[in-house]
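Everything on this sheet refers to the single structure shown next.
Lettering follows sequence order; numbering is per chain, from 1. On a predicted model such as this, the values are computed, not experimentally measured, just so you know.
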2 protein chains.
Amino acid sequence: MNGRTPPPRPPEGYDPHAFEPFAVTVDLAVLTVREERLHVLLVQRAHEPHAGEWALPGGFVLPRESAETAARRELAEETGLPAGTVAGLHLEQLRTYSDPDRDPRMRVVSVAFTALVPGLPEPRGGGDAAEARWLPYGEHGPLAFDHDRILADARERVGAKLEYTCLATAFCPPEFTLGELRQVYETVWGVELDRPNFRRKVLTTPGFVRPVEGPPRRTGGRGKPAALYRAGEATALHPPLLRPEGRSA
Amino acid sequence: MNGRTPPPRPPEGYDPHAFEPFAVTVDLAVLTVREERLHVLLVQRAHEPHAGEWALPGGFVLPRESAETAARRELAEETGLPAGTVAGLHLEQLRTYSDPDRDPRMRVVSVAFTALVPGLPEPRGGGDAAEARWLPYGEHGPLAFDHDRILADARERVGAKLEYTCLATAFCPPEFTLGELRQVYETVWGVELDRPNFRRKVLTTPGFVRPVEGPPRRTGGRGKPAALYRAGEATALHPPLLRPEGRSA
DNA sequence: CGATTTATAGTCAGGGTGACTCTTAAGGAG
DNA sequence: CTCCTTAAGAGTCACCCTGACTATAAATCG
């Protein structure tokens, strides 16, 4: 904003229709961990341009919406999740992409968000998407527009945030085992972590997780049953949980 | 972006003038360390709304500009710095503010940037600003629009980035002493750091700083002359340099 | 049943950090 | 000139966190 007079070209006053308008959209990089792999929610575009290609879900910001509101609305529309569930999801602004040529039709500025979801509600492909699916990160052809870059930025941001926040619990269901939590780190970072050391770090960080009363649960698979935990009240991680080698995969 | 059809209301096709447009602006939180205090570059608004009030510098994104380009252009215009100097400055996208009511005139979405500058070129108040000045952080009345929030977000972001990046050198002139570098941390974080420990940490982090050949320089004030350093090639800090107590001032 | 897999407990050495002391080299006050 | 103040820079020491590693318990699978 700013009370500046509008841009010199075109030079008129404040008539909203007097100069070339910008369209504002949101794009969503929705990530989840599924079958020990990082997955992304993608939609197949129904219209030109880039019809038939895969893209991040998203859409236009409505006249009376903030970008955050629009992002939650689009997320609910595209995934078919009930609005109540979407309201509780971790949604974070990533950055804004404003290259003048990023959309061939007109000037479109897009505010990108990152969403981390635990369960895997199979999407329904509502709205303008021909189809919506979870695809393993990296196992999709080039995405439409500049979505490959947005997605890469999202993954990098999430990987970095795992180091110094308690964000990893956002990938897990309400009750989870330490093994599941460790899986999140290993999947996003693309590394293997030492089980006992990871356990010690998580349990000695106050407020990271809270144990759940009651009997342990069988993971359904092999191995000794693991205790269940819930996300704690802490949001930051001091000291941080650094990934093994400076950079991620 | 997204090839979605434009929003249902108004429901037309892709005629850029057919629906209510958004204006897109940039706002700049330009920070520096001056006389052992954090300072912000502010401008006094010349026009309504909020005429006469202090605000962050910024302005409209032009039709063929990206937000980053617009931010550098506005920074040069408002501060009077030569374009070459501005090109080398550290400029980073903070986040985008899109509340529907943040500007009373029309729908304005603003991409906020944070800039860190070393020296203190006294600004000239060009452009639409009645005046431009460096003001100590916090010692300014409420700012126009939602600029107080933007500024607070910028300070928090910068404080966090000092922990795990080499960003602090962006506050320093090309050649600086470790005392000046330490001042940056102390000023932004609002804490006192142990001199020997800070020195050890900086010097043992590969690529953080590089010593400058030649004689040491007198700081002009009292105390033993300090050796000079330049910024190194490293950008990340592994392990990080954590502030004493979880949160900043 | 034994092999495998995973959870969980525990040990141990090394590195980084916080707290601290000491010396050196400037400027300022008398 | 001398003493005091200030800050740079060198060095010590103990503690905590971490990575590497071993061991045990409890489940599934063949």
- Query: In whole angstroms, how far is the P atom of D/dG11 from the CZ atom of B/F198?
  - Reply: 20 Å
- Note on the structure: B/L181 CG to D/dG9 P, in whole Å, measures 12 Å
- Note on the structure: With sequence neighbours left out, the residues meeting side chain to side chain contact (heavy atoms under 4.5 Å, CB included) with B/A115 are B/V30, B/L75, B/L91
- Item | Sequence neighbours excluded - ring-ring contact (aromatic ring centres under 6.0 Å, His included) pairs with any residue from residues 69-94 of chain A | none
- Item | Contact residues, residues 202-211 of chain A to DNA chain C [heavy atom, < 4.0 Å] | none
- Query: OP1, OP2 of D/dA8 versus side-chain N and O of B/R182: anything below 4.0 Å?
  - Reply: yes
- Identify, with sequence neighbours excluded, every residue that meets side chain to side chain donor-acceptor pair (under 3.5 Å) alongside A/K201. none
- Check for a donor-acceptor pair, side chain of B/E180 on one end and backbone N or O of B/T177 on the other, with a separation under 3.5 Å. yes
- Should the pair B/E156-B/R243 be classified as a salt bridge under the 4.0 Å nitrogen-to-oxygen rule? yes
- State whether A/K201 places a side-chain N or O below 4.0 Å from either non-bridging phosphate oxygen (OP1 or OP2) of D/dC17. no
- Query: What string of B, S and - do you get for nucleotides 20-30 of chain D, 5' to 3', when a contact is any protein heavy atom under 4.0 Å?
  - Reply: BBB--BBBS--
- Query: Closest to the A/R195 side chain: C/dT8, D/dA7, C/dT17?
  - Reply: C/dT8
- Query: What integer distance in Å separates A/L241:CG from D/dC16:P?
  - Reply: 20 Å
- Note on the structure: Residue set satisfying salt bridge (charged side-chain N to carboxylate O under 4.0 Å, His left out) with B/E68, at least two apart, ordered chain then number -> A/R95
- Qualifying residues under salt bridge (charged side-chain N to carboxylate O under 4.0 Å, His left out), relative to B/D99, sequence neighbours excluded: none
- Report yes if a side-chain nitrogen or oxygen of B/R199 is closer than 4.0 Å to either non-bridging phosphate oxygen (OP1 or OP2) of D/dA10; otherwise report no. yes
- Sequence neighbours left out, what pairs pass ring-ring contact (aromatic ring centres under 6.0 Å, His included) with at least one residue falling in residues 149-186 of chain B? A/Y164-B/Y164, B/Y185-B/W189, B/Y185-B/F198
- Note on the structure: B/E180 CD to D/dG9 P, in whole Å, measures 11 Å
- Rounding to a whole Å, what distance do you find between B/H238:NE2 and C/dG15:C1'? 16 Å
- Task: Write down the distance between CG (B/L193) and P (C/dA19), rounded to a whole number of angstrom.
- Result: 11 Å
- Residue pairs fulfilling salt bridge (Lys or Arg N to Asp or Glu O under 4.0 Å) with at least one residue in residues 183-194 of chain A, sequence neighbours excluded: A/R182-A/E186
- Euclidean distance, atom CD of residue B/E186 to atom P of D/dA7 [Å, nearest integer]: 10 Å
